[in-house]
Chemist: 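Okay, handing you the structure first.
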Amino acid sequence: MNYTEYKHELIIPNESIPVKIFDFAAHNDLRVIPYHWHNSAEILYVRRGKLNIWMNKKNYVLKQNDFIYINSKEVHSTQSPEDNEVIVLQIPGNFLETFSNNQSLYIHCNTIEIEENKYFDQIRKILYQMYICSQIKDDAFYLKVYSLLFELGYILVKNFWIKEEHANINTYKYLNKLSEICEYIKSHYQENLTLNEVAGIYGYSPQYLSRIFKKYTGTTFLAYLNTIRLNMAYKQITQTDYSILTIAEDNGFSNVKALNKLFKETYGVTPTAYHKQIKK
């Protein structure tokens, strides 16, 4: 995947429980969810279909029954290459401190890189039970969710905690600053933004901003900006009957050719062809 957007995401827990648990089902949606990060840890559990995840410069393809743990502030992006159903558990950073007794917590747990073991089925069962309990919401559902959450925490901390990795304060500091910059770019993507202009606004030299973008997000300033534009254009291509010229102009592309090139590189077809496909 060549084009990436990074932004910070705010996670608000479900009412009565300290975590957020929900599911999503993608249908006919090839859109790449832009790169982002949040203070919450996140587990993605594929119940049906496939899910692509880009993280730590790797591409993970999750199939039915696969899951992956994404650590707090770990930059990632997702895409549904086919229809799917995915359960999502998001655990806020302040609650993670309960798991680790206020120590830095880095969990390495996924079904792609780690050989199948006895804990994986337990984790799958806990995630599904938590999801069902959160949907039923009887008078005492929150007690069951708490119980399952601590059971999950015990399995993860006991068996998948890697203590010496990812306690880099500087990384967090730069990600916080990049959150501000990304929000600015997202608000002004329709304009003729340049690296020089944005660097000047935040008191950086163009060379320095370019370097920290690449180091901490793995992409360039231009690639980041283009993904914001492409995602906004994708929405208009799939949800409106605007001309491709109008969509290109609305989303900051210099011309139709630039939009066509980026869209085809990302989705394999031109915007016009894709619009016709989804309208059938």
Chemist: With a 3.5 Å distance limit and no angle check, can you tell me whether Ser77 reaches the backbone of Ile33 through a side-chain donor-acceptor pair?
Modeler: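 Judged by distance alone, yes, a pair lies under 3.5 Å.
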Chemist: Between Phe160 and Tyr119, how do the two ring planes meet: parallel, tilted or perpendicular, split at 30° and 60°?
Modeler: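 Correct class here is perpendicular.
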Chemist: Looking at every non-hydrogen atom in both residues, tell me the closest pair between Gln79 and Pro81 and how far apart they are.
Modeler: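 For Gln79 versus Pro81, the nearest heavy atoms are O-CD, 3.2 Å.
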Chemist: Salt-bridge test for Lys57 and Glu74: reply yes if a basic N is under 4.0 Å from a carboxylate O, no otherwise.
Modeler: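 No, this pair does not count.
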Chemist: Just by modelled atom types, is the Leu143 backbone N or O under 3.5 Å from a matching donor or acceptor in the Ser147 side chain?
Modeler: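 Not at all, since once roles are kept as given, no pair shorter than 3.5 Å links the two residues.
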Chemist: Are any side-chain N or O atoms of Tyr224 and backbone N or O atoms of Cys182, one a donor and one an acceptor, separated by less than 3.5 Å?
Modeler: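 Between the backbone of Cys182 and the side chain of Tyr224 there is a qualifying donor-acceptor contact (under 3.5 Å).
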Chemist: Indicate whether any N or O donor in one side chain lies under 3.5 Å from an N or O acceptor in the other, for Asn251 and Gln190.
Modeler: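 No, no side-chain donor-acceptor pair sits under 3.5 Å.
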Chemist: How far apart are the closest heavy atoms of Leu51 and Phe24, and which atoms are they?
Modeler: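 What the structure gives for the nearest pair is CD1-CZ, 4.2 Å.
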Chemist: Determine yes or no for a side-chain-to-main-chain donor-acceptor pair under 3.5 angstrom, with Asn39 supplying the side chain and Gly93 the backbone.
Modeler: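 Absent.
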Chemist: Atom OH of residue position Tyr154 - does it have more than 12 heavy atoms of other residues, nucleotides or ligands inside 6.0 Å?
Modeler: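 Open: at most 12 neighbouring heavy atoms sit under 6.0 Å from OH of Tyr154.
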Chemist: Show me, pair by pair, the donor-acceptor contacts under 3.5 angstrom made by side chains of residues 241-249, not counting sequence neighbours?
Modeler:
from   : atom 1 : to     : atom 2 : distance (Å)
Asp241 : OD1    : His275 : NE2    : 3.3
Ser243 : OG     : Thr246 : N      : 3.1
Ser243 : OG     : Thr246 : OG1    : 2.9

Chemist: Quick one: closest heavy-atom pair of Asn84 and Ser80, and the distance?
Modeler: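 Minimum heavy-atom contact is ND2-OG, 2.8 Å.
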Chemist: Side chain of Arg229, backbone of Phe253: donor and acceptor closer than 3.5 Å?
Modeler: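 No, the answer is negative, given that no donor and acceptor are paired below the 3.5 Å cut-off.
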Chemist: Using every non-hydrogen atom in the two residues, find where Lys144 and Cys133 come nearest and quote the distance to one decimal.
Modeler: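 Taking every non-hydrogen atom into account, CG-SG, 3.5 Å.
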Chemist: Linking I/L/V/M/F/W/Y whenever any side-chain heavy atoms sit under 4.5 Å apart, do Val61 and Ile87 land together?
Modeler: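 No.
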Chemist: With a 3.5 Å distance limit and no angle check, can you tell me whether Thr266 reaches the backbone of Leu262 through a side-chain donor-acceptor pair?
Modeler: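 Answer holds: yes.
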Chemist: Once rounded to the nearest 0.5 Å, what's the spacing between atom CG of Leu105 and atom CD of Glu97?
Modeler: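 Nearest 0.5 Å value for the CG-CD distance: 10.0 Å.
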Chemist: Is a salt bridge present between Glu85 and Arg48, judged by a nitrogen-to-oxygen distance below 4.0 Å?
Modeler: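 Yes.
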Chemist: Answer yes or no: does atom CG of Asp138 have more than 12 heavy-atom neighbours from other residues, nucleotides or ligands under 6.0 Å?
Modeler: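 More than 12 within 6.0 Å, yes.
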Chemist: Looking at every heavy atom in both Phe221 and Leu195, which two are closest together, and how far apart are they?
Modeler: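 Looking at all heavy atoms of both residues, the closest pair is CE2-N, 3.4 Å.
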Chemist: Decide yes or no for Asn52 and Trp54: does some side-chain heavy atom of the first lie under 4.5 Å from some side-chain heavy atom of the second?
Modeler: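 They are in side-chain contact.
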Chemist: Can you measure from CG (Asn59) to CD1 (Ile53) and round to the nearest 0.5 angstrom?
Modeler: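 Spacing of CG (Asn59) from CD1 (Ile53) equals 9.0 Å.
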Chemist: Looking at CD1 of Ile70 and CE of Met55, how far apart are the two atoms once the value is rounded to the nearest 0.5 Å?
Modeler: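 One gets 5.0 Å once the value is rounded to the nearest 0.5 Å.
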Chemist: Salt bridge check, Lys63 against Asp66: does any charged N sit closer than 4.0 Å to a carboxylate O?
Modeler: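 Lys63 and Asp66: not salt-bridged.
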Chemist: More than 12 heavy atoms of other residues, nucleotides or ligands under 6.0 Å from OH of Tyr184: is that the case?
Modeler: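 Atom OH in Tyr184 is packed in, count exceeds 12.
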Chemist: With distance as the sole criterion, is a donor-acceptor pair present between the side chains of Tyr131 and Asp23 under 3.5 Å?
Modeler: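 Distance-only check passes for Tyr131 and Asp23.
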Chemist: Apply side chain to side chain contact (heavy atoms under 4.5 Å, CB included) to Ser179 and Trp37, showing your working.
Modeler: CA-CA 9 Å; Ser179 290; Trp37 64 91; 2.9 Å; yes
Chemist: Got a sec, which residues hit ring-ring contact (aromatic ring centres under 6.0 Å, His included) with Phe67, two or more places apart in sequence or on another chain?
Modeler: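 Once residues adjacent in sequence are excluded, the partners of Phe67 under the ring-ring contact (aromatic ring centres under 6.0 Å, His included) criterion are Phe120.
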Chemist: Might you work through the side chain to side chain contact (heavy atoms under 4.5 Å, CB included) test for Ile155 and Ile123, ending with a clear yes or no?
Modeler: CA-CA 8 Å; Ile155 293 172; Ile123 292 171; 4.1 Å; yes
Chemist: Do Leu148 and Leu127 touch side chain to side chain, with heavy atoms closer than 4.5 Å?
Modeler: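 Side chain of Leu148 against side chain of Leu127, heavy atoms only: no contact under 4.5 Å found.
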Chemist: Return yes if a side-chain donor-acceptor contact under 3.5 Å exists between Tyr274 and Tyr234, otherwise no.
Modeler: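 Short answer, yes.
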Chemist: Using atom types as modelled and distance alone, determine if a side-chain donor or acceptor of Asn117 lies under 3.5 Å from a backbone N or O of Glu115.
Modeler: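 Answer holds: yes.
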Chemist: Between atom NZ of Lys186 and atom OG1 of Thr227, what is the distance when rounded to the nearest 0.5 Å?
Modeler: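 Rounded to the nearest 0.5 Å, the NZ-OG1 separation comes out at 12.0 Å.
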Chemist: Are the charged groups of Glu180 and Lys177 less than 4.0 angstrom apart, N to O?
Modeler: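 A salt bridge links Glu180 with Lys177.
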Chemist: Nearest heavy-atom pair of Tyr69 and Ala41: which atoms, and what distance?
Modeler: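 Nearest heavy atoms, Tyr69 then Ala41: OH-CB, 3.2 Å.
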Chemist: When rounded to the nearest 0.5 angstrom, what distance separates NZ in Lys215 from CZ in Arg211?
Modeler: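 Going from the NZ atom of Lys215 to the CZ atom of Arg211 covers 8.5 Å.
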Chemist: From Lys73 NZ over to Ser40 OG, what is the distance, rounded to the nearest 0.5 angstrom?
Modeler: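 Output value for this atom pair is 9.5 Å.
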Chemist: Check the side chains of Glu113 and Asn110 for a donor-acceptor pair under 3.5 angstrom, ignoring hydrogens and angles.
Modeler: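 Per modelled atom types, Asn110 and Glu113 side chains form a pair under 3.5 Å.
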Chemist: Going by the angle between their ring planes, with limits at 30° and 60°, are Phe150 and Tyr146 parallel, tilted or perpendicular?
Modeler: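 The arrangement is parallel - the two ring planes meet at less than 30°.
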Chemist: Between Leu89 and Met130, does the side chain to side chain contact (heavy atoms under 4.5 Å, CB included) criterion hold? Intermediate values first, please.
Modeler: CA-CA 9 Å; Leu89 172 65; Met130 288 181 69; 3.8 Å; yes
Chemist: Let's go through Ile181 and Phe213 carefully: what are the C-alpha distance in whole Å and the side-chain angles of both, what is the deciding distance for side chain to side chain contact (heavy atoms under 4.5 Å, CB included) to 0.1 Å, and is it a yes or a no?
Modeler: CA-CA 10 Å; Ile181 296 172; Phe213 240 102; 4.2 Å; yes
